[in-house]
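Keep in mind the model is a prediction, meaning the values are calculated, not measured.
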Amino acid sequence: MSQVIDRLLVIGLGLIGGSFALGLKQRGGCGRVVGYDSCREQLVEGLRLGVIDEIAEDLQRAVGQADVVMLAVPVKAMERVMATINPWLSASTVLTDAGSAKGSVVEVARRVFGQVPSMFVPGHPIAGSEKSGVSASKSDLFLRHKVILTPLAETDRHALRVVHELWDRLGAEVHHMEVRRHDEVLAATSHLPHLLAFSLVDTLANDRENRDIFRYAAGGFRDFTRIAASDPMMWHDIFLANRKATLDVLDEFTAGLAQLRQAIDQADGDTLLGVFTRAKSARDHFSKILSGTAYSLPMSENVIFKVQPGGRVQGQIRVAGDKSISHRSIMLGALSEGVTDVEGFLEGEDALATLQAFRDMGVVIEGPAQGRVRIHGVGMHGLKPAVGPLYMGNSGTAMRLFSGLLAGQRFDSELVGDESLNKRPMERVAKPLRRMGARIATAEGGCPPIKISGGQALHAIDYEMPMASAQVKSCVLFAGLYSEGETRVTEPAPTRDHTERMLSGFGYPVVRNGATASVQGGGKMVATHIDVPADISSATFFMVAASIAPGSDLLLEHVGINPTRIGVINILRAMGADLTLSNERDVGGEPVADIRVRYARLKGINIPEDQVPLAIDEFPALFVAAACAEGTTVLTGAEELRVKESDRIQAMVDGLTQLGISIEGTSDGAIIQGGRLQGGRVDSLGDHRIAMSFAIAALCAEGEIVVDDCANVATSFPNFVELAKQVGLGVRVGAS
């Protein structure tokens, strides 16, 4: 890998400047590093330690020869340093900095240079250490840490690319952000916590009994106040440099603190519980998102599955709770009157995003803890406006169902998702909602974000769905709860009916007449108890695994067998699978059973089109079953697979072709010739179901299968790898 630049000048040889220099030296990012600092001892020590190659004895000459100048000095010193080097900077020299208050730094540059130089790229590495000075320099200080660049409209694109590449070379996760937004975010996440820590320690130190306070301080006090040991002068400069943003977030915090004080004074336990549960869950939720995945690998890494060929599947397991029912349990529990207890809740990122969204709208929710959740319902009209957009993660189910629920609220809402969800079509729900009187807008191409204007009077409609979709049906029915009159939805083919069953379970009447479901607006729901069955979509991977691996015998416990979801069972049986149901029972309105699957020689079939809507999420795994079957399998009527988290038809066609299977994709399905799977590397396109399907395919492969981009498996099935290993799959998780 060639170096990015020839000559780097670092002004300010402390921890940040020294680590920047040392890291680029060791990683070949530049040819020669020159250091300059007002403290001669720091320079000598940096040269001795190999942090820099030479000391800038003549600053004018050093600036003139540098390709890049890094200003790693305190924010307060920026103006003096910029003024010093201004006469010697050439038009081609890239200037960047590491200051933590970007608005102040940009304003200084504007004053010193007359205008912000086009070659200036403001930056801020979010990394540090309790130690300071050049002797604390670490070449990996920025590895997997965020670095925020705040380019302006006038910033030269070449200069931006150079600075971005330098931080890339150091292993940093580089983000671009507007100056104002950077200062707002850092004021909330860094500056305010330091201010509070300094204030708390100072307040307690002035207490007459301070010796006992500090002597008996618990771990939480020590952890929180550790940052009060930071450099006082540095933070003095930061708070003055970022005054407005700090004051804004301090005012918000003060208002929240006043609310807590009032709640304690009035013994208002509900308010306290609401704040505490929202705070804990928000931290847990966003910590999981920011840490990357359930596999504890950073999002910048390509999470891969490496699966050894062969083996058999044996044992007795219970897979993750049903995602569709988990979503709906939170939604209806939040809108009911009373307290709803949920067991078996799926603690995957999608369902957690739904839970967090209702917390953002003022609902008190305890848990989840080992699949248990307690929801303190607020009634049909008790939701409060969120302070910002509601994040749906990767869940199309959540976004479409939320659209129906929020269309009838009195406040405005915005729904956003991750990169994958933001590419998925949402006009299929927006159109019928508009017919009901909702004001709803989608982004370019009918994709998220979705913006919903509150306070609209909704009216009932008779809606004949152009395409079978449980998400669209549920969306319209949810909006019907807030509409005047009776809303009727007719589907062209049966789809999962969890919404209708659960509404009835919460005491809201639903009339079902053939293919039509209807609700009367203006009713209410009453809290209930929900036991979420194991997800048949998650169980599918293991049903297929046991069916294709000789010698397999697997029992799957407490699996939901809702009649609108058992297409996979019917299709596998039609292919010759040895699959039996036992201990059939009804739990909270949902039928469940234990499913035993033993190996059998599968045969190719023409998949009946009436089974396709009943197995739409299970087809990636069924593609693998078809690839291992004798003869030809033909799938038609499954065009919806092309607009899931990925184009699942094309993803499976590409992957199976890579593994040596003869397969042809069609507009609404595929033609699959059964054969011998080879080893190889396939791309899941970030689609969790594609990733898990290719993982089980290794059971019938002749070589190792490596599956790229598997981080999102945590979205729907957090303990998939653990269970896969438990029953006999040789799967390992890694990064590349």
| More than 12 heavy atoms of other residues, nucleotides or ligands under 6.0 Å from CZ of Arg374: is that the case? | no
| said: Within a 6.0 Å radius of atom CD on Glu419, are there more than 12 heavy atoms belonging to other residues, nucleotides or ligands? | reply: no
| request: Report, as yes or no, whether the 6.0 Å neighbourhood of atom CZ on Arg601 holds more than 12 heavy atoms from other residues, nucleotides or ligands. | output: no
| Between Asp687 and Arg648, does at least one N-O distance fall below 4.0 Å, as a salt bridge requires? | yes
| Quick one: which of Arg312, Arg596, Arg598 gives a side chain to side chain donor-acceptor pair (under 3.5 Å) with Asp553? | Arg596
| field | Distance-only polar pair, side chains of Arg328 and Thr499, donor-acceptor under 3.5 Å | value | yes
| Would a 4.5 Å heavy-atom cut-off, applied to side chains only, mark Thr666 and Thr636 as touching? | no
| query | For the rings on Phe402 and Phe358, is their centre-to-centre separation under 6.0 Å? | reply | yes
| task | Start with the C-alpha gap between Asp654 and Gln658, add the side-chain angles, then the distance that decides, and say whether side chain to side chain donor-acceptor pair (under 3.5 Å) holds. | result | CA-CA 6 Å; Asp654 292 343; Gln658 185 71 22; over 6 Å; no
| What's the spacing between Asn422 CG and Ile450 CD1 if we round to 0.5 Å? | 9.5 Å
| How would you list, by chain and number, every residue that makes a side chain to side chain donor-acceptor pair (under 3.5 Å) with His145, sequence neighbours excluded? | none
| said: Atom CZ of residue position Arg318 - does it have more than 12 heavy atoms of other residues, nucleotides or ligands inside 6.0 Å? | reply: yes
| request: Determine the interplanar angle of the Phe720 and Phe541 rings, folded into 0 to 90°, and report it as parallel if under 30°, tilted if 30 to 60°, perpendicular if over 60°. | output: perpendicular
| field | Residue list, ring-ring contact (aromatic ring centres under 6.0 Å, His included) with Phe478, at least two apart or on another chain | value | none
